[in-house]
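A short worksheet on the structure shown next.
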Amino acid sequence: MTEPTDGGGSDPGTPRADDSDPPRGSDTEAPDGGVLAGRRGTVAKGLLVTVAVAAAIAVAAGVVPTLFVDSPPEQEFETFDPDRTVATGLPSTGTIDPEPSVVPAGGTVVIDVDVPTRSRLGPLTEAISKANHDVEYPDRDLEGALDGAEALVVVDPGSRYSEDDLDAIETFADEGGRVVIFGNPNRFEVTATALGSSISERESELGRLGARFDLHFDTRYVYDQERNDGNYRHVVASPPGNASLTDGNGSLTDAEDVVLYTPTEVRSTADGEPVLVTSPTARTLDSDTQRRHTVAMRDGNVLGVGDARFIAADRYNVGDNNEFLAGVVEFIVSGDRDAADGGGGVEGDESEGGGDASTPT
């Protein structure tokens, strides 16, 4: 709608000028009722509009700063049947209790995770302590931190590992150290500026690390409209019948409903064994094909899980998450690292291989 110009004589209650009025721009025109006043009013209104728009942009920039979006944009469904979709969440009960019979005593577990996330890993670190293992967080010297450790847990790294770090982790696993990788798919960030907001995609940093162990972490998320924890992105997965994280099934026999929060698929390019698999109704983002997706894969001493959110303090015991994590802890602490120096080699042992491989370190 065009706003009326506040010029002289434009008010509906003021008589219109006739031919006897002085011409526009003449010296006899009234200073407060003529063209000059109208122009002043128009300029004043323009300034007010400009100030208002600037204020709105400033407020928007202050209220919506750069945000980290935990979930990607909503998926558009071609078909959706509410009667076949879980509407209520699974209960949150239980603790992480690894089986004492498979847990050797002593050792150090290195957890590589950003500082803000450490406070959310309380239940997991407490379970590792129950297994009589210490938890340490590395500084910049990851290779040095692994020197005397039995296991490494990587939680969704925010930056790339250097080639030296990747070499150190690969050597660590070759020596018998256990490596657990909790990762997420690509994530999205919303950035707000004075010119508006934009969504950018943040790529996962797990590609190069997983490739060292023939594990491929997809960058897209898996969703399931039918078997979920009240949200199609909260996918419920289960271990296959032959899945094992120790010499026996351990706690995996009780992990029937493991809830993962916007997980990604983990595939093996070698001899990996599936540990957690979705239902056949699951899909990958941008795909309409329903199939089972492997969201956790083990290859020897390395375990890759396509979600890092389910281990947090507010999610670790949803459904059977605590039972699965008990199996993960058993896997972490039941390795047998036999390094040439540090990490479990027996000093002074002159036997071939640097020690008895059957003896827990």
Side-chain angles (χ1 to χ4, degrees), residues 70 96 98 109-113 117 120-121 123-125 127-128 151-158 169 173 178-187 204-207 209-224 229 233-240 243-246 249-252 255-269 272-278 282 284 292-313 315-335:
D70 215 22
I96 305 174
V109 177
V110 174
I111 300 181
D112 190 11
V113 61
T117 305
R120 305 185 64 194
L121 302 183
L124 179 63
T125 58
I128 294 174
L152 168 66
V153 177
V154 177
V155 182
D156 191 30
I169 296 173
R178 293 291 170 89
V179 178
V180 178
I181 306 169
F182 295 108
N184 292 316
N186 284 4
R187 299 180 296 192
S204 171
E205 300 293 350
L206 292 176
L209 175 59
R212 290 295 185 109
F213 306 107
D214 299 317
L215 296 178
H216 173 71
F217 288 80
D218 202 335
T219 58
R220 302 167 298 173
Y221 71 88
V222 176
Y223 68 95
D224 195 331
D229 183 37
R233 290 195 304 263
H234 299 177
V235 177
V236 177
S238 304
S244 175
L245 289 177
T246 57
N249 278 341
S251 298
L252 291 189
E256 296 181 357
D257 296 320
V258 179
V259 182
L260 304 181
Y261 298 84
T262 317
T264 188
E265 187 171 22
V266 185
R267 297 187 293 272
S268 173
T269 57
E273 301 176 356
V275 175
L276 284 179
V277 180
T278 70
T284 303
R292 295 185 184 275
H293 293 68
T294 300
V295 288
M297 180 77 71
R298 177 188 177 184
D299 191 340
N301 288 321
V302 181
L303 171 65
V305 185
D307 181 33
R309 301 176 179 95
F310 81 108
I311 64 178
R315 295 173 173 175
Y316 78 97
N317 62 351
V318 176
D320 295 328
N321 287 3
N322 57 305
E323 299 290 352
F324 176 70
L325 287 173
V328 172
V329 172
E330 294 166 11
F331 173 79
I332 288 173
V333 302
S334 60

Heavy-atom side-chain proximity of [X] to [Y] below 4.5 angstrom:
{"X": "V275", "Y": "F324", "result": "yes"}
{"X": "R315", "Y": "V259", "result": "no"}
{"X": "F217", "Y": "V266", "result": "yes"}

Closest heavy-atom pair and its distance - [X], [Y]:
{"X": "V295", "Y": "A237", "result": "CG2-CB, 3.9 Å"}
{"X": "A127", "Y": "P98", "result": "O-CG, 3.9 Å"}
{"X": "P239", "Y": "L276", "result": "N-CD2, 3.7 Å"}
{"X": "G272", "Y": "P274", "result": "O-CD, 4.1 Å"}
{"X": "I96", "Y": "P123", "result": "CD1-O, 3.8 Å"}

Considering residues at least two apart in sequence or located in another chain, which fulfil the side-chain hydrogen bond (donor to acceptor under 3.5 Å, both in side chains) criterion with [X]?
{"X": "R220", "value": "D218"}
{"X": "S268", "value": "none"}
{"X": "D112", "value": "Y161"}

What is the distance from atom [atom1] of [X] to atom [atom2] of [Y], rounded to the nearest 0.5 Å?
{"X": "T219", "Y": "N184", "atom1": "OG1", "atom2": "CG", "value": "12.5 Å"}
{"X": "L252", "Y": "L245", "atom1": "CG", "atom2": "CG", "value": "4.5 Å"}
{"X": "L303", "Y": "F182", "atom1": "CG", "atom2": "CZ", "value": "6.5 Å"}
{"X": "I181", "Y": "L215", "atom1": "CD1", "atom2": "CG", "value": "6.5 Å"}
{"X": "D229", "Y": "F310", "atom1": "CG", "atom2": "CZ", "value": "13.5 Å"}
{"X": "L260", "Y": "N321", "atom1": "CG", "atom2": "CG", "value": "7.0 Å"}

Exercise. For Y316, which residues count as a ring pair (Phe, Tyr, Trp, His ring centres under 6.0 Å) partner, sequence neighbours excluded?
Worked result: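 For Y316, no residue satisfies ring pair (Phe, Tyr, Trp, His ring centres under 6.0 Å) once neighbours in sequence are set aside.
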
Problem set entry | Residues forming a ring pair (Phe, Tyr, Trp, His ring centres under 6.0 Å) with F213, sequence neighbours excluded |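 Ring pair (Phe, Tyr, Trp, His ring centres under 6.0 Å) check on F213 returns nothing, list empty.
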
Counting only N and O atoms by type, is there a donor-acceptor contact under 3.5 Å from the side chain of [X] to the main-chain atoms of [Y]?
{"X": "R178", "Y": "F331", "result": "yes"}
{"X": "R309", "Y": "I311", "result": "no"}
{"X": "D320", "Y": "E323", "result": "no"}
{"X": "N317", "Y": "N322", "result": "no"}
{"X": "S244", "Y": "T246", "result": "yes"}

For [X], check side chain to side chain contact (heavy atoms under 4.5 Å, CB included) against everything at least two apart and list the hits.
{"X": "D214", "value": "T269, A270, D299"}
{"X": "A312", "value": "R120, D314"}
{"X": "T125", "value": "I111, L121, V135, Y137"}
{"X": "A282", "value": "V222, D224, T278, H293"}

Exercise. Does E265 have any salt bridge (Lys or Arg N to Asp or Glu O under 4.0 Å) partners at least two apart in sequence or in another chain, and if so, which?
Worked result: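 In terms of salt bridge (Lys or Arg N to Asp or Glu O under 4.0 Å), with neighbours along the sequence ignored, E265 is linked to R267, R291.
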
Exercise. Step by step, would you call V180 with I332 a side-chain contact (heavy atoms from CB on, under 4.5 Å)?
Worked result: CA-CA 7 Å; V180 178; I332 288 173; 3.7 Å; yes

